[in-house]
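Right, one structure below, let's go through it.
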Number of protein chains: 2
Amino acid sequence: MLPQLLGYELRLAQQAVFRDFESSVGSLGISAGRVGVLILVEANPGIAQSPLALAVGLDRSSLVPLLDQLEEAGWLERRAGTDRRSNGLWLTPAGTKRLARVKTQVRAHEKRIAARLQPQERAELMRLLRLLAVTP
Amino acid sequence: MLPQLLGYELRLAQQAVFRDFESSVGSLGISAGRVGVLILVEANPGIAQSPLALAVGLDRSSLVPLLDQLEEAGWLERRAGTDRRSNGLWLTPAGTKRLARVKTQVRAHEKRIAARLQPQERAELMRLLRLLAVTP
DNA sequence: TATTGTTATACTCTATAACTATA
DNA sequence: TATAGTTATAGAGTATAACAATA
């Protein structure tokens, strides 16, 4: 039964891709979740914690220790936000530099994964995955 | 960058499918990992712990507490194995009965997920996922 | 009253290393 | 020596509930 279930095949594929990510990008000492946060902060400079938590699918309390670590590593800063309750999140110059290197590795990882498919197969896979990802 | 990465789309799709699984099959009080173990033991009665751990992608030490719980629930038994070091794993009658109900829910879950795709899209997705899941 | 960030706490899942009993 | 199962332990990742500051 298992080998005919979409959820099971999804999990196996995701595990395989995740393993490749960890053994390449992960060698820079950063996890997939942290990379996602850095990329989103770079793309949305000054974003507050709550909307960022929503964007990465975490509870806002779960984001706190993650941001603490990125801040301790010197890659990210909490600055004053738009009101006095919120923090604006910004990459530091060191964070921007580190992220550039990480993104190079991410691109190599993606290329390695995509090499298992024809270009049109990759596009079709993306389309089908997005059909599944809708939350009805 | 994130929204164009296969790994990211895979994770989002898997999360969506997993959420549906948890809210339907999970309401029977059993996790996806446990369902996988029960299905594999049913399909391979008398299987020992080490090959089962390999099959579900866990370390054999990680399987121990999981089997403990299934045994405490009365769904699974460790019996004498082929040699005196190993255990043979078997579903109890209660476990077989429970699994039948679980599998009914799993089928309904799968049907709900597959309904987001055309039948040939589902087949194509399975094929593409298997291409990714190969461990090179 | 509602929202933002934080803390304290706990739970799940998983691995590593060391142990025992067998082989 | 090698294998099967177990234990002790630790770490990552995440959530819930309650709180202070601010809106």
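In what follows, chains carry the letters A, B, and so on, assigned in the order in which the sequence lines appear, proteins first and then strands, with residues in each chain numbered from 1.
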Acceptor/donor pairs from residues 95-102 of chain A side chains to any protein atom, 3.5 angstrom cut, sequence neighbours excluded:
{"from": "A:Thr96", "atom 1": "OG1", "to": "A:Thr92", "atom 2": "O", "distance (Å)": "3.0"}
{"from": "A:Arg98", "atom 1": "NH1", "to": "A:Leu28", "atom 2": "O", "distance (Å)": "3.1"}

Distance, rounded to the nearest Å, where [X] contributes [atom1] and [N] contributes [atom2]:
{"X": "A:Leu54", "N": "D:dA15", "atom1": "CG", "atom2": "P", "value": "12 Å"}
{"X": "A:Phe18", "N": "C:dC13", "atom1": "CZ", "atom2": "P", "value": "16 Å"}
{"X": "A:Leu66", "N": "D:dT14", "atom1": "CG", "atom2": "C1'", "value": "11 Å"}
{"X": "B:Asp59", "N": "D:dA4", "atom1": "CG", "atom2": "C1'", "value": "12 Å"}
{"X": "B:Arg85", "N": "D:dT1", "atom1": "CZ", "atom2": "P", "value": "17 Å"}
{"X": "B:Arg78", "N": "D:dG5", "atom1": "CZ", "atom2": "P", "value": "9 Å"}
{"X": "A:Asp68", "N": "C:dA8", "atom1": "CG", "atom2": "C1'", "value": "14 Å"}
{"X": "A:Leu67", "N": "C:dT6", "atom1": "CG", "atom2": "P", "value": "8 Å"}

(message) Is there a side-chain contact (heavy atoms from CB on, under 4.5 Å) between A:Leu129 and B:Leu12? Walk through the geometry before answering.
(response) CA-CA 8 Å; A:Leu129 290 175; B:Leu12 291 184; over 6 Å; no
(message) Quick test of your reading of the model: are B:Arg127 and B:Glu124 salt-bridged, counting only N-O distances below 4.0 Å?
(response) yes
(request) Output yes when B:Glu110 and B:Arg122 qualify as a salt bridge under the 4.0 Å nitrogen-oxygen rule, no when they do not. (result) yes
Taking atom types as they are modelled, is there a donor-acceptor pair under 3.5 Å from the base of [N] to the side chain of [X]?
{"X": "B:Arg60", "N": "D:dG5", "answer": "yes"}
{"X": "B:Ser50", "N": "D:dA4", "answer": "no"}
{"X": "A:Arg84", "N": "D:dT22", "answer": "no"}

Report which part of the nucleic acid [X] touches: base, sugar-phosphate, or nothing (heavy-atom distance under 4.0 Å, all strands).
{"X": "B:Ser61", "value": "base"}
{"X": "A:Leu63", "value": "nothing"}
{"X": "B:Ser62", "value": "base"}

(request) Could you list by number each residue of residues 42-49 of chain A showing a heavy-atom separation from DNA chain C of less than 4.0 Å, or answer none if no residue does? (result) A:Ala48, A:Gln49
(message) Which heavy atom of B:Ala48 sits nearest to which heavy atom of B:Ser86, and what is that distance?
(response) CB-CB, 4.3 Å
(request) Would you name the heavy atoms of B:Leu5 and A:Met126 that are closest together and state the gap between them? (result) N-CE, 4.0 Å
(request) Could you pick out which residue, A:Ala32 or A:Thr82, lies toward the 5' side of DNA chain D when each is mapped onto its nearest nucleotide? (result) A:Ala32
(message) On DNA chain D, compare the nucleotides closest to A:Asp83 and A:Ser31; which residue's is nearer the 5' end?
(response) A:Ser31
(request) For B:Arg112, check side-chain contact (heavy atoms from CB on, under 4.5 Å) against everything at least two apart and list the hits. (result) B:Asp20, B:Ser24, B:Ala108, B:His109
(request) Name the residue closer to the 5' end of DNA chain C, choosing between A:Gln15 and A:Pro65 according to the nucleotide with the nearest heavy atom. (result) A:Pro65
